[in-house]
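To find a chain, count down the sequence lines: A is the first, B the second, and so on, and within it residues start at 1.
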Number of protein chains: 2
Amino acid sequence: MVDPLDLDVDNCTIARAMEILGEKWTIVVLREVFTGIRRFDDMRVRTKIPRQVLANRLAGLVEHGVLRREPYREPGARERHEYRLTEKGFDLYPVLIALAGWGNRHLADPEGPPIEYVHRDCGAKVHLETHCAAGHVIDDRRAVLPRPGPGTRLRDKNR
Amino acid sequence: MVDPLDLDVDNCTIARAMEILGEKWTIVVLREVFTGIRRFDDMRVRTKIPRQVLANRLAGLVEHGVLRREPYREPGARERHEYRLTEKGFDLYPVLIALAGWGNRHLADPEGPPIEYVHRDCGAKVHLETHCAAGHVIDDRRAVLPRPGPGTRLRDKNR
DNA sequence: CCCGCTGAGTCTGTCAATCAGACCTAGCCT
DNA sequence: AGGCTAGGTCTGATTGACAGACTCAGCGGG
């Protein structure tokens, strides 16, 4: 059993994910896109993100392959662009649901949260379950352990 | 059916969650605590977070009730403090797992990710499943819809 | 043909946060 | 007394967020 203090965690994918998702407003932009808001000004009006920041976030998400910029044209208007999720972007749904779950439990106003996620087919609220590959459902969060994976490296001695 | 553009989303709990979790390094601090690293200097050495920022993040997480500061004393040393998860903090496990799942799929080095989460009892890798309250497993992410919740408010007209 | 509107930005200056590196401090050990 | 260590604080430089003004292309109305 390796001491976690001897591991180099520079290539940790959680940190890499947060480099993309952790900039201010990025998750809010994604929430908008998941809600079906796809246009610059609609997002800006709903969220009050500064224009510059919104432009930067959208460009960054496109660059990282989370969103794609699609041309569209409404009758009698010139061509514009809207932002849509890529498959990589759709894969973020669990992150959104997990954040909403935690926020709804611990941070909501007394009257309740303003957004819930429901199953399209039956209308029931959606939640996440933790499972292991052997098929067990994991209710006790203490039963989940972090373990060194295949990309594990050791740290050099300059502690 | 209400137009999402008419909704006020200022009280969205996802945005509130990101106010706590979205500051730079916060999630990395949490990853450390979930990994069992509980002391200031251990975190600093592993993660290379600037001291000041680490101090601020730990204080912020304590203030928000995600971590608690526990005194401890090793024999022959003076009293010190370590940081441990509260129940509210433990509830963030799905967020960590979701981020790690996405990162491991889309952002890992070719040799693989450095950290995996496994089931303590059987050693098998852990993943999240999306379920609805009616018991359906939701595989198609397009089958999840955001819906106005009990805390929904309308936006005023100053669009 | 000129005018103004609209969506989607860019530009500018201010203010707050992050960063690296030096400095500080309480209590233990020799 | 002097040094070491964990866990911080202080300082100055860089980067990022922000509000508000400006730009620009193309359409529709007069």
> Quick one: are A:Leu61 and A:Val33 in side-chain contact, heavy atoms under 4.5 Å?
Replying inline: no
>> For B:Val66, is there any backbone N or O sitting under 3.5 Å from a side-chain donor or acceptor partner on B:Thr86?
In response: yes
> Taking atom P of C:dG9 as reference, at what distance in whole Å does atom CD1 of A:Ile49 sit?
Replying inline: 13 Å
>> Regarding B:Gln52, tell me which of base, sugar-phosphate or nothing describes its non-hydrogen contacts under 4.0 Å with the strands shown.
In response: base
>> From CZ of B:Arg51 over to C1' of D:dA6, roughly how many Å is that when rounded to an integer?
In response: 9 Å
>> Test: salt bridge (Lys or Arg N to Asp or Glu O under 4.0 Å). Region: residues 117-127 of chain B. Which pairs qualify, not counting sequence neighbours?
In response: B:Glu116-B:Lys125
> Between D:dA6, D:dG16, D:dG26, which one does the side chain of A:Arg57 approach most closely?
Replying inline: D:dG16
> Hey, is the side chain of A:Lys24 poking within less than 4.0 Å of OP1 or OP2 on D:dC18, counting only N and O atoms?
Replying inline: yes
>> In whole Å, I'd like the distance from the CZ atom of A:Arg39 to the P atom of C:dA8.
In response: 7 Å
>> In the structure I gave you, are the side-chain heavy atoms of A:Leu85 and A:Leu67 within less than 4.5 Å of one another anywhere?
In response: yes
> When the nearest nucleotide of DNA chain D is assigned to A:Glu79 and to B:Asn56 on a heavy-atom basis, which residue is associated with the more 5' position?
Replying inline: B:Asn56
> Are OP1 or OP2 of C:dG7 and a side-chain N or O of A:Arg73 less than 4.0 angstrom apart?
Replying inline: no
> Taking atom C1' of C:dT10 as reference, at what distance in whole Å does atom CG of A:Leu54 sit?
Replying inline: 13 Å
> At under 4.0 Å between heavy atoms, what does A:Glu23 touch on the DNA or RNA strands: base, sugar-phosphate, or nothing?
Replying inline: nothing
> Taking atom P of D:dA6 as reference, at what distance in whole Å does atom CZ of B:Phe40 sit?
Replying inline: 12 Å
>> Using whole Å, what does the distance between atom C1' of nucleotide C:dG21 and atom CZ of B:Arg44 come to?
In response: 12 Å
> Which whole-number value in Å describes the distance from A:Tyr83 OH to C:dG7 C1'?
Replying inline: 11 Å
> Could you go step by step and tell me if B:Trp25 and B:Glu32 meet the side-chain contact (heavy atoms from CB on, under 4.5 Å) rule?
Replying inline: CA-CA 11 Å; B:Trp25 297 113; B:Glu32 293 300 292; over 6 Å; no
>> Closest-nucleotide mapping onto DNA chain D: is A:Arg80 or A:Val53 further toward the 5' terminus? I mean the 5' end.
In response: A:Val53
> Between C:dC19, D:dT9, C:dA8, which one does the side chain of A:Asp41 approach most closely?
Replying inline: C:dA8
>> With a 4.0 Å limit, can you tell me whether A:Trp25 has a side-chain N or O closer than that to the phosphate oxygens OP1/OP2 of D:dC18?
In response: yes
> Can you tell which of C:dG7, D:dC18, C:dG9 lies closest to the side chain of A:Arg78?
Replying inline: C:dG7
>> Measure CG/A:Leu58 against C1'/C:dT10 and give the value in whole Å, please.
In response: 15 Å
